[in-house]
Amino acid sequence: MPPRLVLLDRDGVINVDSADYILAPDDWVPLPGSVPAIARLNRAAIAVAVCTNQSAVGRGMLTPATLAAIHSRMDAVLANDGAHIDRLFYCPHAPDAGCHCRKPAPGLVEQALAAFAVRPDEALFIGDSGRDLEAARQAGVTPWLVRTGNGAATEATLPAPVSVYDNLAAAVAALLDT
């Protein structure tokens, strides 16, 4: 039975990641197949939420207004292909802030579970980094890894078994075609 909620990391899963951060709407470029994959989840009546660290805000590199503009671009690109994100959760804090929401802490995942009134066993988290997998595990949610973004490097250092897929489209296909 498919999950009621799929949680996605943003950079490296939905869109191209950058070591220089995504700092402007034009920097947000979807990865091949990610938008149709989200549309497929939407058509399957599975809620989709994004859980993303956005430390560029806490570091003073990005304003909340610019981050909102980036997310508006993401929403517009998704809408052009009949896709949407039901809710977006982000941590704006710098890495040294000690917050509970910055992955690998489980705060964002816990917020999403509460917002959708979903138990951990009714959700799935798809990410590209060890901190994504750890945040999911700490919240009791099954993590899946994609090789896009930082995923290939993460796969080489996995401490525990996890399902691994080439990209978001392959993960969604595995989820829905079983």
Side-chain angles (χ1 to χ4, degrees), residues 1-17 22 25 28-54 67-91 101 103-129 131-151 154-155 161-178:
M1 184 156 127
R4 291 180 48 212
L5 173 64
V6 171
L7 305 170
L8 303 173
D9 180 46
R10 191 190 80 177
D11 302 336
V13 175
I14 302 172
N15 59 278
V16 174
D17 200 357
I22 306 301
W28 192 91
V29 177
L31 284 165
S34 67
V35 174
I38 293 168
R40 195 161 178 217
L41 291 169
N42 298 150
R43 287 191 305 276
I46 297 171
V48 179
V50 171
C51 295
T52 179
N53 288 347
Q54 293 298 316
L67 182 60
I70 292 166
H71 290 148
S72 290
R73 172 169 163 70
M74 177 178 71
D75 291 341
V77 170
L78 290 168
N80 282 341
D81 277 342
H84 68 274
I85 300 295
D86 293 293
R87 187 100 184 253
L88 189 138
F89 301 89
Y90 75 93
C91 172
C101 55
K103 297 177 291 180
L108 293 177
V109 178
E110 292 168 348
Q111 288 175 39
L113 294 172
F116 287 90
V118 170
R119 294 186 323 263
D121 65 336
E122 297 174 309
L124 172 69
F125 192 109
I126 302 173
D128 71 319
S129 72
R131 65 182 165 264
D132 295 329
L133 305 178
E134 182 60 25
R137 284 188 182 115
Q138 284 190 46
V141 172
T142 298
W144 282 7
L145 180 71
V146 291
R147 292 184 178 107
T148 51
N150 297 309
T154 300
E155 182 180 15
V162 65
S163 296
V164 181
Y165 301 92
D166 285 340
N167 53 37
L168 183 57
V172 170
L175 179 67
L176 297 179
D177 294 342
T178 55

statement: With sequence neighbours left out, the residues meeting ring-ring contact (aromatic ring centres under 6.0 Å, His included) with Tyr165 are Trp144

- request: Any chance you could measure Asn53, atom CG, to Asp11, atom CG, to the nearest 0.5 Å?
  value: 9.5 Å

task: Look up atom CD1 in Ile70 and atom CD1 in Ile22, then write down how far apart they are to the nearest 0.5 Å.
output: 7.5 Å

message: Can you list everything that forms a salt bridge (charged side-chain N to carboxylate O under 4.0 Å, His left out) with Asp9? Sequence neighbours excluded, please.
response: Lys103

message: Restricting to ring-ring contact (aromatic ring centres under 6.0 Å, His included), what partner residues turn up for Trp28, sequence neighbours left out?
response: none

For Ser129, side chain to side chain contact (heavy atoms under 4.5 Å, CB included) partners two or more places apart: Arg131, Asp132, Thr154

- request: Indicate yes or no: at least one non-hydrogen side-chain atom of Ile38 is less than 4.5 angstrom from one of Ile14.
  value: yes

Can you give me every donor-acceptor pair (side chain of residues 167-175, partner residue at least two apart or in another chain, under 3.5 Å) with its distance?
{"unit_1": "Asn167", "atom_1": "OD1", "unit_2": "Ala169", "atom_2": "N", "d": "3.2"}
{"unit_1": "Asn167", "atom_1": "OD1", "unit_2": "Ala170", "atom_2": "N", "d": "2.8"}

message: Please enumerate all residues that pass side chain to side chain donor-acceptor pair (under 3.5 Å) together with Arg43, with sequence neighbours excluded.
response: none

message: Under the rule for side chain to side chain contact (heavy atoms under 4.5 Å, CB included), what residues qualify as partners of Ala44, not counting sequence neighbours?
response: Ile46, Leu176

field: Stepwise side-chain contact (heavy atoms from CB on, under 4.5 Å) test for Arg73 and Val77
entry: CA-CA 6 Å; Arg73 172 169 163 70; Val77 170; 4.0 Å; yes

- line: Pro143 and Leu133 have their tightest heavy-atom pair at CB-CD2, 3.6 Å

- request: Grab the two heavy atoms, one from Ala39 and one from Gly82, that are nearest each other, plus how far apart they are.
  value: CB-O, 3.9 Å

task: Check for a donor-acceptor pair, side chain of Ser34 on one end and backbone N or O of Pro30 on the other, with a separation under 3.5 Å.
output: no

field: Set of residues satisfying side chain to side chain contact (heavy atoms under 4.5 Å, CB included) with respect to Leu67, sequence neighbours excluded
entry: Arg10, Gln54, Val57, Leu62, His71, Tyr90

- prompt: Got a second to check how far Asp17's CG is from Asn15's CG, nearest 0.5 Å?
  reply: 7.5 Å

field: Partners meeting side chain to side chain donor-acceptor pair (under 3.5 Å) with Arg147 (sequence neighbours left out)
entry: Glu155, Asp166

task: Would you please name every residue forming a side chain to side chain donor-acceptor pair (under 3.5 Å) with Asp81, sequence neighbours left out?
output: none

Would you mind writing out the side-chain donor-acceptor pairs for residues 106-122 within the sub-3.5 Å range, not counting sequence neighbours?
{"unit_1": "Glu110", "atom_1": "OE1", "unit_2": "His100", "atom_2": "NE2", "d": "2.9"}
{"unit_1": "Arg119", "atom_1": "NE", "unit_2": "Asp121", "atom_2": "OD1", "d": "3.0"}
{"unit_1": "Arg119", "atom_1": "NH1", "unit_2": "Glu122", "atom_2": "OE2", "d": "3.4"}
{"unit_1": "Arg119", "atom_1": "NH2", "unit_2": "Asp121", "atom_2": "OD1", "d": "3.4"}
{"unit_1": "Arg119", "atom_1": "NH2", "unit_2": "Asp121", "atom_2": "OD2", "d": "3.3"}
{"unit_1": "Glu122", "atom_1": "OE1", "unit_2": "Arg4", "atom_2": "NH1", "d": "3.1"}
{"unit_1": "Glu122", "atom_1": "OE1", "unit_2": "Arg119", "atom_2": "N", "d": "2.8"}
{"unit_1": "Glu122", "atom_1": "OE2", "unit_2": "Arg4", "atom_2": "NH1", "d": "3.3"}

Nearest-0.5 Å distance, CG of residue Leu88 to CG of residue Asp75: 8.0 Å

field: side chain to side chain donor-acceptor pair (under 3.5 Å) against Asp86, all qualifying residues, sequence neighbours excluded
entry: His84

- prompt: Is a side-chain N or O of Asp128 found less than 3.5 angstrom from the main chain of Asn150, in a donor-acceptor match?
  reply: yes

Worked check of side-chain contact (heavy atoms from CB on, under 4.5 Å) between Val6 and Ile126: CA-CA 7 Å; Val6 171; Ile126 302 173; 4.0 Å; yes

